[in-house]
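Input: a single structure, listed below in structure tokens.
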Amino acid sequence: MAKLISLHSFRGGTGKSNITANLATVLALAGKRIAIIDTDIQSPGIHIIFGMGEKQITYTLNDYLWGRCRIEEAAYDVTPREVALGKIFLVPSSIKINEISRILHEGYDARLLKDGFKTLVRTLSLDYLIIDTHPGLNEETLLSIAISNILIIILRPDQQDFQGTSVTLEVAKKLGVPTILLVLNKILADGDFKAYRTQLEQTYDTEVGALLPLATEIVRLGSSGVFYLQAPKHRFSKEIKALGDRVLAME
């Protein structure tokens with residue numbers, strides 16, 4: 001059975017899409033078949049990390065939600081050449097202003113997402129389906145969280161993030177998500193990583209999956225590629241690898 005993983009943050013700007021792309025790559029390098037769905041319809045962007053330009057995208061998640069295509073027609077093979085055995089497919093959201101505006105004004109039937117998830121798992125023979133969610137809590141993110149096997153909540157060392165994460169955790173636990181992991185991102189180089197781990201575990205009574213540094217190398221990369229493939233020995237990459245190993249250990 002394929003596992004559904006949701007990556008979520010209460011606020012934007014946490015680096016969620018970058019972490020999603022790197023985690024998917026680690027799992028694919030382990031020989032797994034992965035699909036990512038960008039459900040952050042209001043501010044999509046993960047396709048850029050995998051080198052997809054607008055001209056390479058025929059159908060998007062928006063097209064599926066409006067009945068213009070099947071969900072699998074909007075799934076593109078974005079597997080990096082460094083991945084020998086696994087596969088990564090991506091269902092991007094539209095970056096066209098009119099498509100984003102229509103979603104904002106009209107909404108869509110969130111139940112279609114659930115149907116699409118099941119179809120992708122079946123047609124692409126997936127091991128993992130990863131949902132890059134929209135920040136905050138709305139009908140779509142609640143649905144993704146509710147049906148997830150694993151929820152990864154990403155936050156920064158910021159008091160607003162800490163408070164918002166408490167809300168998300170409370171909701172996720174009420175929904176009965178089997179496994180919840182916390183990922184603290186953008187920790188300053190002189191930050192006390194061990195102290196942060198202790199603080200998170202004691203505050204939220206939840207397992208910490210990774211502690212990620214704020215790295216100038218990632219900033220310089222500017223979403224133009226998967227950082228793990230370029231610097232596998234970097235502390236960020238080692239933490240992502242540990243997170244991937246934790247996910248794989250749940251099989």
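Here the structure is a predicted model, which means the values were calculated and not measured.
Under the 4.5 Å side-chain criterion, counting only non-hydrogen atoms from C-beta, Thr206 is not in contact with Leu200. The shortest distance between side-chain heavy atoms of Ile49 and Ser223 falls below 4.5 Å. Leu155 has its side chain out of reach of Phe10: every pair of non-hydrogen atoms, C-beta onward, lies at least 4.5 Å apart. Between Leu184 and Pro157 there is a side-chain heavy-atom pair separated by less than 4.5 Å. Taking 4.5 Å as the limit, some side-chain heavy atom of Phe236 sits within range of a side-chain heavy atom of Asn185. The shortest distance between side-chain heavy atoms of Leu243 and Val26 does not fall below 4.5 Å.
Using a distance-only test at 3.5 Å, with no hydrogens or angles considered, no donor-acceptor pair links the side chain of Tyr128 to the main chain of Ala28. Under a 3.5 Å cut-off, the side chain of Tyr59 and the backbone N or O of Ala75 do not form any donor-acceptor pair. In this structure, the side chain of Asp127 does not engage the main chain of Lys32 through any donor-acceptor pair within 3.5 Å. Under the 3.5 Å distance criterion, the side-chain polar atoms of Tyr64 are matched with a main-chain donor or acceptor of Leu112. Remark: the backbone N or O of Gly136 is paired with a side-chain donor or acceptor of His8 at under 3.5 angstrom. In this structure, Gln56 contributes its side chain and Gly53 its backbone to a donor-acceptor pair below 3.5 Å. Side-chain atoms of Arg33 come within 3.5 Å of backbone N or O of Ser125 as a donor-acceptor pair. Although no hydrogens or angles enter the test, the distance criterion places a donor-acceptor pair under 3.5 Å between the side chain of Arg156 and the main chain of Gly13. With hydrogens and angles disregarded, no donor-acceptor distance shorter than 3.5 Å links the side chain of Asp132 to the backbone of Asp40.
Here the CD1-OH distance, from Ile153 to Tyr204, works out to 9.0 Å after rounding to the nearest 0.5 Å. Rounding to the nearest 0.5 angstrom, the gap separating the CD1 atom in Ile145 from the CD1 atom in Ile131 is 11.5 Å. Interatomic distance, Thr14 OG1 to Asp161 CG, rounded to the nearest 0.5 Å: 7.0 Å. To the nearest 0.5 Å, atom OG1 of residue Thr133 and atom CG of residue Leu143 are 11.5 Å apart. Thr168 OG1 to Leu151 CG: the interatomic distance, rounded to the nearest 0.5 Å, is 8.0 Å. Put simply, CE on Met250 and NZ on Lys3 are 8.5 Å apart, with the number rounded to the nearest 0.5 Å.
Among Thr25, Asn18, Thr20, the single residue meeting the side chain to side chain donor-acceptor pair (under 3.5 Å) criterion with Asn22 is Asn18. Of the listed residues (Ile5, Asn149, Ile130, Thr179), just one forms a side chain to side chain contact (heavy atoms under 4.5 Å, CB included) with Val247, and that residue is Ile5.
Residue Lys114 places its NZ atom among 12 or fewer non-hydrogen atoms of other residues, nucleotides or ligands, all under 6.0 Å distant.
The two residues Ile187 and Gly191 make their nearest non-hydrogen contact at CG2-CA, 4.2 Å. Smallest separation of non-hydrogen atoms from Pro44 and Ile95: CG-CG2, 3.8 Å. Of all non-hydrogen atoms in Val177 and Ser148, the two that sit nearest each other are CG1-O, 3.9 Å.
Between Glu239 and Arg235, none of the side-chain N atoms (NZ, or NE/NH1/NH2) sits under 4.0 Å from a carboxylate O, so this pair counts as no salt bridge.
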